[in-house]
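Read through the structure below, which is laid out as structure tokens, and then see the notes.
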Amino acid sequence: MSETLHSTPGRDGFRMPGEFEPHSGCWMLWPERPDNWREGAAPAQRAYAAVAAAVAAAEPVTVGASGAELQRARDLLDPAVGVVEIDSDDAWMRDVGPTFVVDDRGARRGVDWRFNAWGGKEGGLYDSWERDERVARRVLELEGADRYAPALVLEGGSIHTDGRGTVISTEECLLNANRNPHLGRDQIERLVLDHLGAERMIWLGRGLAGDETDGHVDNLACFARPGVVLLAWTDDPDDPHHDIVRDARERLLQARDARGQQLRVVPVPLPGALVVSEHEAAGVQPAAGTLPRSAGARMAGSYVNFYPANGRIVFPLLDPARDEQAAAVLRAEFPGHAVVGVAAREILLGGGNIHCITQQVPARSRARDHA
């Protein structure tokens, strides 16, 4: 059973843990729509299955698939991965699934944000998202977790937290008029902090150039642990990301976290330019109301878009010239973790990456775990 609550996590003593804290599992969705995934989604399904297997080596994974795709998902996924029937409009569990929060007594609940396909009728990526809107509630029912339902459009990829009261996001996304035009900056910040059990918001400016989510922070920066932020980076002045990442670094260095501490910012090299090929674009079936996939378009690839499983970092392999450089940074910042790369171009072709398709379920917390 899952009860809808009429309070806030902050008021009830709950917080969103940092993603680097222990998990009890991970949720994903199964890709299938042919107007976003090429060749009937078959290459994307293989990539999703590879991610699920990499994560399942460290923690339980459950994949939601439509009734029509249940058997195919079961056939392609590792036997260790659970499969349940969940209808959705696409396969971005980070953005449509619940944000889990915990308290010091071992309870776990979820936040079911509103979703409008990254912009609704003013720039959204598809024109019908009713099934996506029901995913978070379904996951919470299956988890037996009570539900908060704030009147705020927000995707999970637009926020990161250190689990100690600090949240980072981008102005480009969270303050975009196509999300919550009736709310001002201070109102949005208050709602986010109240529903994550946090105290301080650090606002970055823009997300990566060409990010069709309107600049999600999970493609730009994330916490490796309290006080340490990994930031996508390039030294190339001709790269369209150059000024964006420098502005983000300055904001991070000038900020203080909820405990009043300065942040250490660690650069993670960006892959080289990743462009949709003619063959890849031709494999997608165009449909009215859906963002077209055009040959020659540069994709917003980033190694920061990884999933931190228990004792294992699952990161995207995107560019043979840069993959090992990114892996080296991740190994240095996550000592004691296995750093596992998964070929992820097929996921990027659909508009996101490994962090975008996963949603962690934090382990039930105790006061001693995060004192």
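When reading the values below, keep in mind they use all heavy atoms of this one structure, side chains included, and skip hydrogens, waters and symmetry mates.
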Which residues satisfy the salt bridge (charged side-chain N to carboxylate O under 4.0 Å, His left out) test with [X], sequence neighbours excluded?
X: Glu324; result: Arg331
X: Arg322; result: none
X: Glu143; result: Arg108
X: Arg249; result: none

> Who pairs with Tyr303 by ring-ring contact (aromatic ring centres under 6.0 Å, His included), at least two apart in sequence or on another chain?
Replying inline: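 Tyr303 satisfies ring-ring contact (aromatic ring centres under 6.0 Å, His included) with no other residue.
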
> In chain order, what residues pass the ring-ring contact (aromatic ring centres under 6.0 Å, His included) check against Phe306, with sequence neighbours excluded?
Replying inline: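 In terms of ring-ring contact (aromatic ring centres under 6.0 Å, His included), with neighbours along the sequence ignored, Phe306 is linked to Phe334.
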
>> Test question: given the 4.5 Å side-chain rule for I, L, V, M, F, W and Y, name all other residues clustered with Trp203, or answer none.
In response: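 Grouped by the 4.5 Å side-chain rule, Leu5, Phe14, Met16, Val101, Val111, Trp113, Tyr148, Leu152, Leu154, Ile159, Val167, Leu174, Leu175, Leu183, Ile188, Leu191, Val192, Leu193, Leu196, Met201 form the rest of the cluster around Trp203.
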
> So which residues get pulled into Val275's cluster when ILVMFWY side chains under 4.5 Å apart are joined, directly or through others?
Replying inline: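 ILVMFWY cluster around Val275 holds nothing else.
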
>> Using the side chain to side chain contact (heavy atoms under 4.5 Å, CB included) criterion, which residues pair with Cys173? Sequence neighbours excluded.
In response: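 Cys173 satisfies side chain to side chain contact (heavy atoms under 4.5 Å, CB included) with Glu155, Ser158, Thr170, Arg179, His216 only.
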
> Which pairs count as ring-ring contact (aromatic ring centres under 6.0 Å, His included) when at least one residue sits in residues 33-68, sequence neighbours excluded?
Replying inline: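 Sorted pair list: Trp37-Tyr48, Trp37-Trp92.
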
Can you give each donor-acceptor pair under 3.5 Å made by side-chain atoms of residues 220-229, sequence neighbours left out, with the distance rounded to 0.1 Å?
unit_1	atom_1	unit_2	atom_2	d
Arg225	NH1	Glu333	O	2.9
Arg225	NH1	Glu333	OE1	3.4
Arg225	NH2	Glu333	OE1	3.1

>> Tell me every residue that passes side-chain hydrogen bond (donor to acceptor under 3.5 Å, both in side chains) with Gln359, counting only those two or more places apart in sequence or in another chain.
In response: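 Partners of Gln359 under the side-chain hydrogen bond (donor to acceptor under 3.5 Å, both in side chains) test: Arg94.
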
